[in-house]
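Notes to accompany the following structure.
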Amino acid sequence: MLRLLTDQEIDILENNGCIAEDWSRIKVGNGFLPENVQRTKFYGDIRLFGNTGTVLLDGVVATNCGVFDSVLHNCEVGKDSYIEHVSMLSNYNISANCVIRNVQRLAVIGETSFGNGVEVSVMDETGGRKIPIFNRLSAVVAYLAVFYRYKTDILKIIQHLVADYVASITTTQGFIGEGSQIEGCGNIINTRIGECAEVSQVISLENGSINSASYSPVVVRNGVIAKDFIIACGSVVENNSHIERCFVGESSKIANGFTAHDSLFFANCQLENGEACAIFAAPYTVSMHKSTLLIGGLFSFFNAGSGSNQSNHLYKLGPIHQGITERGVKFASGSYILWPAKIGAFSMVMGHHYNHPDTSDFPFSYLIEKSGQEYLVPGASLRSAGTHRDVRKWPKRDERKSTEPIDSISFEWLSPYTVGKCIDARNTLLQIKKQLKPVDGYYTVEGIKIKTTALEQGIELYGAAIDIFIGERVERFGKPEPGIADSWVDLAGLLAPKDEVNHFMALMCNDEGLTIAKLSKMVCSLHAGYDEWCNEWCGAIIDSEYGSDISADELIRRGAEAKIWLLKMVLSDAAKEFSPASTVGFGMDADTMEQVNCDIENVRGALEDNPLVCSLLEDILTLETKI
C-alpha cells in the first residue's frame, strides 16, 4: 500500500535539500526512509517504495538505496532501487533493485510504442519490401512478409496484427525491469528496458525496446547509438556500434563500431566492425571485418570474409537490386557481387562477379572468378573441412536460453531442402555431360565454365550426399512408406515442404481470431512437423532413386559407404592445414625441421588431436561397422 508523506518526513526531505512541486503528489510505500532521499527535485506524481536495502556500486562500494542528486518527474521508484545524478528522469516506472546513475536524461516524451511498428526498408532501400518490426518478430514471419509480396493477403494480415499489437502497448509511461543497471549514459528517450539489463556508457537510445530477461540479459554499452530499434533477449550491442531502424534477434551480438540501418538480424547473428544496409540476416549470419559491407541481401548461416562487398545500385533507378544467398554460403576475402544474384546453399564465393550469377541449382559449390571469367566447381563444399566444421558448431553455438525461443531453426545440413537440390543438380550435370561437348576441358553453361573433371566429381559428390541422407534417415526412423516428393523451402532457418507452407498461409488468412501469440504457436507447429514430412519425402525419393524393393539394410550400407568415402576426402582437406604451404612462417629462426614441427604442434596441436579430425575419425570407425 502507498501513503502520503508525513509532515516529519517532509521536514527531513527538505532538510536533505529536496524540493517538490507539490508534496501531496508524492506517495511512499512500506520501508520508505526519507534519510535516503537527498538533493532531489520532484515534479508531478511520484511513487517511492521502500529503500532500506543497500546496493553494491562498481562491484565494491556498498551504499544505501534511495534517490540522490536527481530530478524526477511522474515516476515510480521500486523497492531498494538506487538513483543518483540523473539530470532528468521523466515518466518512467522503475522496478525493484535497479541502479540508475550518472545519466543525462531518461525520459518518455509523448506517446510511444518503444520501436514497435517502426517500418524497416529491408532488402530494397527504396521501401519496396518494407516491414514493421515488433517485439516477437520471428525470422519466419519476416520472411513471409518480406519475400512473399505476390501473396498480398499475407503482408496485410501481418501489418494488421502488428498495428493491433502496437495500439495495445502504446503508452506515455516508460518501464525499467527489475535488476537492471543504467549507468554513465547520455540521452535515453522513449526506450523500454526489461529485466536485468546492463545499459552503460551509451551515447543515445531513442524509440526502442531492450527486451532483456532475468534468464537471458541484454547488454548495451560503450558508445552505442541506437534509434528506432528492438533488441531481443540475450543480445549484446556494444563498443561504438550504431543501429537505426533495426531488429536484433535473440542472443545476437553487434559490436566494435558496426553500423547498420534498415536491417533485420535474427538469432545468434554476430556482426562486428563492418556495415550492413537493408539486409535480412537470418540466424547465424556472421561478419567480423571492418572492410566488409553487406547490402540488400538475404543471408543465412552465412560467413563474410574480409573485404567482401556487394552492390545494389546500378545507377539507373536507385538501390533496388537484391541478392539471395541460400543457407550456409561463405564469401571469401575480397569477394564482390553485383546484385541481383542468387547463390546456392553451402557455396563458397571467390573473386569479383559482375554477371549476376544464379547458382541456386548447384548447392555445395565453389563459384570462382578469374580474369573476368566465372567458374563453378559443383559439390566441392561437400568435401570441405570448413563445411563439416560449420555444421557441427552451429547447434553448439545456440546461445538462446528461452524455453520458447522466437526463431524456429532447423540445423540439418542435409535435408529435403538441400538433398532435393543435390538430386536436381546431379541430374542437370548428367544432362550437360550428355548434351554438350567440352571445349579445352570445360563445359560452358550460361557463361559459367565447369571443368570436365569437376563435373564428373560433382556427379559423384551429389550422389554421395543423397545416399548419406537417405541412409541416416532410414537408420533413425526405419524405411518409410512411399510418399510425395514435394519441393521444400527454407523460411530463413525453418525447413518445410512448400505445400505445408501454403497450407500455413491459408490458415493465417482464414483465422479471424489470429493474434501474434497464436501466429507464433502456428510457426512452432510448422517447425515440429519436420520429421514426419521428411520421412514422407524420403519414402518418395527411395521409390524413385533406388526402387521400392531395396531393403533398409542396403540403404543404410550405401549411406555408410558414401559417408566414409566423403569423410576421407574431408580428412584430406583438413590435413592441408598442416602442409608446408599452410605452415610458412612457423619455426621463426629455427635451425632444424624438428624445431619447425615442434613450433607447429605447440601452436596448432597435432593433426590427429584436432577436435574436428578426431570426430571425423570416430565417425569413420563407427560407419565401418555398417558395411
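A quick note: this is a predicted structure, and the numbers were derived from the prediction, not measured. Heavy-atom basis, side chains included; hydrogens, waters and symmetry copies ignored.
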Is the distance between the ring centroids of [X] and [Y] less than 6.0 Å?
X: F302; Y: F331; result: yes
X: Y82; Y: F68; result: yes
X: Y148; Y: Y143; result: yes

Inset, instruction - For I406 and R136, run side chain to side chain contact (heavy atoms under 4.5 Å, CB included): C-alpha distance rounded to whole Å, both residues' side-chain angles, the deciding distance at 0.1 Å, then the answer. - result: CA-CA 6 Å; I406 297 174; R136 294 290 299 181; 3.4 Å; yes
Do [Y] and [X] meet the salt-bridge criterion of a basic N to acidic O distance under 4.0 Å?
X: R101; Y: D58; value: yes
X: K41; Y: E21; value: no
X: R129; Y: D124; value: no
X: D390; Y: K393; value: yes
X: E412; Y: R327; value: no

Using 0.5 Å steps for rounding, measure from the [atom1] atom of [X] to the [atom2] atom of [Y].
X: H261; Y: C246; atom1: NE2; atom2: SG; value: 8.5 Å
X: L72; Y: N74; atom1: CG; atom2: CG; value: 10.0 Å
X: I46; Y: D22; atom1: CD1; atom2: CG; value: 11.0 Å
X: N15; Y: Q38; atom1: CG; atom2: CD; value: 11.0 Å
X: C509; Y: F504; atom1: SG; atom2: CZ; value: 10.5 Å
X: T40; Y: L48; atom1: OG1; atom2: CG; value: 9.5 Å

Modelled atom types, side-chain donor and acceptor of [X] and [Y], under 3.5 Å:
X: N256; Y: E272; answer: yes
X: N312; Y: E125; answer: yes
X: H289; Y: S306; answer: no
X: D80; Y: N97; answer: no

Legend entry - Partners passing ring pair (Phe, Tyr, Trp, His ring centres under 6.0 Å) against F114 (at least two apart in sequence or in another chain): none
Side chains of [X] and [Y] in contact at under 4.5 Å (non-hydrogen atoms):
X: E399; Y: E250; answer: no
X: M288; Y: Q270; answer: yes
X: L264; Y: V120; answer: yes
X: Y336; Y: S311; answer: yes
X: L294; Y: E275; answer: no
X: I189; Y: N207; answer: no
X: Y165; Y: N135; answer: yes
X: C269; Y: K253; answer: no

Inset, instruction - Verify the neighbour count for atom CG of N30: are there more than 12 heavy atoms of other residues, nucleotides or ligands below 6.0 Å? - result: no
Does the [X] side chain pair with the main chain of [Y], one donor and one acceptor, at a distance under 3.5 Å?
X: S263; Y: A278; result: yes
X: T63; Y: V55; result: no
X: D511; Y: G513; result: yes
X: Q173; Y: V108; result: no
X: E244; Y: A260; result: no
X: S335; Y: A332; result: yes
X: T285; Y: F299; result: yes

Inset, instruction - Output, in order, the C-alpha distance, side-chain angles, deciding distance and verdict of side chain to side chain contact (heavy atoms under 4.5 Å, CB included) for Q104 and N187. - result: CA-CA 6 Å; Q104 183 174 337; N187 290 324; 3.8 Å; yes
Legend entry - side chain to side chain contact (heavy atoms under 4.5 Å, CB included) evaluation trace for L89 with I83: CA-CA 10 Å; L89 177 51; I83 298 173; 3.7 Å; yes
Inset, instruction - Using the side-chain hydrogen bond (donor to acceptor under 3.5 Å, both in side chains) rule, take S90 and H73 through it: C-alpha gap first, then chi angles, then the decisive distance, then the call. - result: CA-CA 4 Å; S90 178; H73 169 252; 2.7 Å; yes
Legend entry - Given I243, I203, L205, N240, the one that forms side-chain contact (heavy atoms from CB on, under 4.5 Å) with I225: I203
Legend entry - side-chain contact (heavy atoms from CB on, under 4.5 Å) partner of R47, chosen from N93, V28, I94, I26: N93
Which donor-acceptor pairs under 3.5 Å do side chains of residues 153-161 form with protein atoms, sequence neighbours excluded?
| residue | atom | partner | partner atom | Å |
| --- | --- | --- | --- | --- |
| H160 | NE2 | D164 | OD2 | 3.2 |

Legend entry - Parallel, tilted or perpendicular: rings of F301 and F411 (30°, 60°): perpendicular
Inset, instruction - Tell me, with the steps shown, if F32 and N51 meet side chain to side chain contact (heavy atoms under 4.5 Å, CB included). - result: CA-CA 5 Å; F32 171 74; N51 55 8; 3.8 Å; yes
Acceptor/donor pairs from residues 193-202 side chains to any protein atom, 3.5 angstrom cut, sequence neighbours excluded:
| residue | atom | partner | partner atom | Å |
| --- | --- | --- | --- | --- |
| E195 | OE1 | S214 | N | 3.3 |
| E198 | OE2 | S200 | OG | 3.4 |

